[in-house]
Number of protein chains: 2
Amino acid sequence: MSDSPNADSREDAHPIAAILDDLAVLAVRRLSTREISLTAATTLSYLDRNGPARLSVLAAEQGVTQPSMTQLVQRLEREGLVSRGVDAQDGRAVLVGVTDAGRALLAERRRRRRERLDEMLGTLSPGELRELTRAAGEFLPLLRRLLQSAADE
Amino acid sequence: MSDSPNADSREDAHPIAAILDDLAVLAVRRLSTREISLTAATTLSYLDRNGPARLSVLAAEQGVTQPSMTQLVQRLEREGLVSRGVDAQDGRAVLVGVTDAGRALLAERRRRRRERLDEMLGTLSPGELRELTRAAGEFLPLLRRLLQSAADE
DNA sequence: ACAGTTGTATAAGCTTCCTATGTAAATCTG
DNA sequence: CAGATTTACATAGGAAGCTTATACAACTGT
């Protein structure tokens, strides 16, 4: 059990792996808002973009189990962010929709995260910022396609 | 709000912010491993790269509270992934270091993530892959600097 | 109409975070 | 140098958010 530092441990990975790691840290650590969980936010966002959806669809979409989504929707309903209705076509199904309050929270969350990211970008020098913007414009679309195609499997 | 020369530089950052935000969420979803939490993994990784560190340093580094880090270290110690010792210079402080088992787990985690990444990259054409890797090489250092400067505040 | 399937809810439990507070070692102060 | 303060960590109690196992009601096919 030696405790000598291993300087290479991070560098032996593919640069993309390192980027994904860093992005995960960015999402969870630097941009996390305490008011709402990541799953809650992306669920609201999904409902906002796609309209009312069934519980099971939301669960699959978010990659959580159905009971987890039941609980999440219950919490969101308690806070007035979503509303629930019965599917007219199928009496078993629950249709979940985002409320105006939910949309307002989404907008506020987007504003806050953007603000924080802008702060972070503000710590870079103008040259670095320009370089980051240029590199990001090239790289991020590629990365997005990669992640999306992986999600569609 | 004016048409001063600098008015646009901030606007230019916004598209980057939006894409970064989206990708960060995707990264969290696609790369989460169930065997160990993100904080646990990045803490082990930090110890592996930097050698033994105090509890409070680890807490600050990971952006969690000191009691949370105490608990995390207790769990990691119970699983044999870290060891604890008293700082010879300061009887209050605890020095946490990664064990061989911890390093082995890190290596295994990296291997698994690498495997998954390779699957994703396998869906690209050789040309796309080359392009993505090249762009990543430019983008990664800048992303690192962004995260670093944000962490130092 | 009855059996099987499907959509959701409930129960029980785990992990990981939090705030509030306790304790002991180090440091400052008169 | 003794008492007060600060610092580093531990403990207690609780909440969020996830899990698996199970129950139940509504739909579906024969």
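So that the names make sense, note that chain A is the first sequence line, chain B the second, and so on, each numbered from 1.
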| So does Gln71(A) reach the base of dA9(C) with its side chain, donor to acceptor, closer than 3.5 Å? | no

| Of the nucleotides dC18(C), dT8(C), dT20(D), which has the atom closest to the Thr65(A) side chain? | dT20(D)

| task | Could you go through the salt bridge (Lys or Arg N to Asp or Glu O under 4.0 Å) check for Arg92(A) and Asp87(A) one step at a time? | result | CA-CA 7 Å; Arg92(A) 298 164 299 178; Asp87(A) 188 334; over 6 Å; no

| query | Out of dA25(C), dT16(C), dT8(C), which nucleotide sits closest to the side chain of Ser56(A)? | reply | dT8(C)

| request: May I ask you to say whether Arg134(B) pairs ionically with Glu138(A), meaning some side-chain N is under 4.0 Å from a carboxylate O? | output: yes

| said: Is it the case that dT8(C) (base atoms only) and Arg92(A) (side chain only) share a donor and an acceptor within less than 3.5 Å, ignoring hydrogens and angles? | reply: no

| With respect to the side chain of Val64(A), which nucleotide from dT10(C), dT19(D), dC9(D) is positioned closest? | dT19(D)

| request: Give one of base, sugar-phosphate or nothing for Ser37(A), where a contact means two heavy atoms less than 4.0 Å apart. | output: sugar-phosphate

| request: Measure from the side-chain heavy atoms of Pro67(B) and tell me the nearest of dA9(C), dT19(C), dC18(D). | output: dT19(C)

| remark: Considering only heavy side-chain atoms of Asp90(B), the closest of dT10(C), dG7(C), dA8(D) is dA8(D)

| query | Do any N or O atoms from the side chain of Glu128(B) and from the backbone of Ser125(B) form a donor-acceptor pair under 3.5 angstrom? | reply | yes

| request: Describe the nucleic acid contact of Gln74(B) in one word from base, sugar-phosphate, nothing, applying a heavy-atom distance below 4.0 Å. | output: sugar-phosphate

| request: For Thr70(B) and Gln66(B), indicate whether the former's side chain and the latter's backbone hold a donor-acceptor pair under 3.5 Å. | output: yes

| Arg54(B), nearest nucleotide to its side chain (from dT8(C), dC9(D), dT19(D)) | dC9(D)

